[in-house]
Amino acid sequence: MPFVPLRGLTVFPLMVMHLDVGRKKSVSSIEKAMLTDGKKILLVSQKNAHLEDPSPKDIYEIGTVARVKKFLKLPNDSVRVLIEGVSRAKIKKIFITEDIYEVEVEEIPPVIVEDDLDISALMRSILTSFEQYCQRSQCISSDVYAAVADIEDPGYL
């Protein structure tokens with residue numbers, strides 16, 4: 001599976017977001033993903049965001065399998081992609097060539113969380129912290145908080 005090392009960014013399952021990708025190997029990885037059935041790619045964070053050409057030791061071993069929803073080539077040889085996180089995965093083997101990043105992965109099944117008092121307390125604590133963050137940041141609308149507050153699945157929250 002092709003992969004893209006991310007600088008200073010982590011993508012989680014179920015997240016939908018735009019990424020601007022400029023490194024030649026990363027662009028090649030996305031182009032390869034677009035040619036596969038399912039358009040899947042592994043997104044994994046780099047340990048040091050300042051490295052231009054990370055080696056296998058510079059990449060975390062857990063990442064997110066994502067589906068490329070849209071792909072747009074930009075004038076400066078970079079691309080903008082809309083991705084949707086699908087599942088977590090552990091890297092088993094990394095293949096880095098001059099042209100592309102690829103990995104062999106083992107997908108990690110989602111954790112099924114039983115509803116109990118401890119989980120409910122943790123969820124309330126998370127929502128309280130998120131509410132405080134929203135009030136202080138002034139760049140997150142109250143609609144976003146309301147949407148997050150409606151989440152009932154602990155794993156998704």
Side-chain angles (χ1 to χ4, degrees), residues 1-23 25-27 29-30 33-34 36 38-72 74 78-94 101 103-157:
M1 172 183 296
F3 85 95
V4 172
L6 301 174
R7 297 183 201 200
L9 178 66
T10 301
V11 175
F12 294 100
L14 305 176
M15 283 179 69
V16 176
M17 66 185 306
H18 281 99
L19 297 175
D20 288 339
V21 179
R23 284 188 281 211
K25 286 183 200 178
S26 295
V27 171
S29 296
I30 292 168
M34 292 297 294
T36 64
K39 299 179 183 177
K40 289 186 177 179
I41 191 161
L42 182 74
L43 303 173
V44 62
S45 297
Q46 289 181 203
K47 294 177 182 176
N48 179 347
H50 301 292
L51 289 177
E52 179 62 32
D53 194 18
S55 68
K57 69 177 176 46
D58 301 316
I59 299 166
Y60 288 105
E61 65 179 33
I62 303 290
T64 299
V65 174
R67 183 172 290 109
V68 180
K69 307 286 274 177
K70 289 187 181 178
F71 176 88
L72 175 66
L74 300 173
S78 63
V79 296
R80 174 168 290 161
V81 292
L82 176 66
I83 58 94
E84 177 182 22
V86 175
S87 64
R88 294 180 334 134
K90 181 175 183 173
I91 295 174
K92 293 174 76 175
K93 199 168 192 179
I94 296 177
Y101 296 112
V103 288
E104 183 180 312
V105 298
E106 176 183 335
E107 289 197 45
I108 301 170
V111 176
I112 306 300
V113 180
E114 296 294 324
D115 195 17
D116 68 10
L117 292 176
D118 288 338
I119 297 297
S120 296
L122 286 170
M123 289 179 69
R124 283 192 306 276
S125 176
I126 289 169
L127 284 174
T128 300
S129 295
F130 185 64
E131 181 180 29
Q132 292 169 352
Y133 173 75
C134 290
Q135 290 170 350
R136 290 185 179 126
S137 89
Q138 299 178 3
C139 63
I140 298 177
S141 73
S142 60
D143 294 340
V144 171
Y145 174 76
V148 171
D150 286 342
I151 296 171
E152 293 179 4
D153 177 11
Y156 184 49
L157 181 62

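Here the structure is a predicted model, which is why all the values come from computation and not from measurement.
- Closest non-hydrogen pair, K47 versus K57, comes out as NZ-O, 3.3 Å.
- M15 CE to E84 CD: the interatomic distance, rounded to the nearest 0.5 Å, is 11.5 Å.
- Using a 4.0 Å cut-off between charged nitrogen and carboxylate oxygen, R7 and E52 count as a salt-bridge pair.
- At least one side-chain heavy atom of D53 sits less than 4.5 Å from a side-chain heavy atom of K25.
- Remark: side-chain polar atoms of Q46 are paired, donor with acceptor, to backbone N or O of L51 under 3.5 angstrom.
- A heavy-atom distance below 4.5 Å is not found between the side chains of T10 and Y60.
- Closest heavy-atom contact between S78 and V27: CA-CG2, 4.5 Å.
- Considering CD1 of I30 and CZ of F3, their distance stands at 12.0 Å, rounded to 0.5 Å.
- The closest side-chain heavy-atom distance from L9 to L19 is below 4.5 Å.
- The heavy-atom pair separating D153 from M123 by the smallest distance is C-CE, 4.4 Å.
- When side chains are defined from C-beta on, Y101 does not count as touching L42, because their heavy atoms never get closer than 4.5 Å.
- Shortest non-hydrogen contact noted between D20 and R80 is OD1-NE, 2.6 Å.
- The CD atom of E106 lies 11.5 Å from the CZ atom of R88; values are rounded to the nearest 0.5 Å.
- Looking at N48 and D58, their side chains never come closer than 4.5 Å, going by heavy atoms from C-beta outward.
- Annotation for Q132: atom CD counts as buried by contact number, over 12 foreign heavy atoms lying within 6.0 Å.
- Looking at P5 and S26, their side chains come closer than 4.5 Å, going by heavy atoms from C-beta outward.
- The closest side-chain heavy-atom distance from S29 to I41 is below 4.5 Å.
- The CD1 atom of I83 sits 14.0 Å away from atom NZ of K70, with the distance rounded to the nearest 0.5 Å.
- Between the side chain of T64 and the backbone N or O of V11, at least one donor-acceptor pair lies under 3.5 Å.
- Looking at heavy atoms from C-beta onward, F71 lies out of side-chain contact with K39 at the 4.5 angstrom threshold.
- Nearest approach of L127 to A149, heavy atoms of both residues: CD2-CA, 3.7 Å.
- Between the side chain of T128 and the backbone N or O of R124, at least one donor-acceptor pair lies under 3.5 Å.
- Residues D116 and I119 come closest through the heavy atom pair OD1-N, 2.8 Å.
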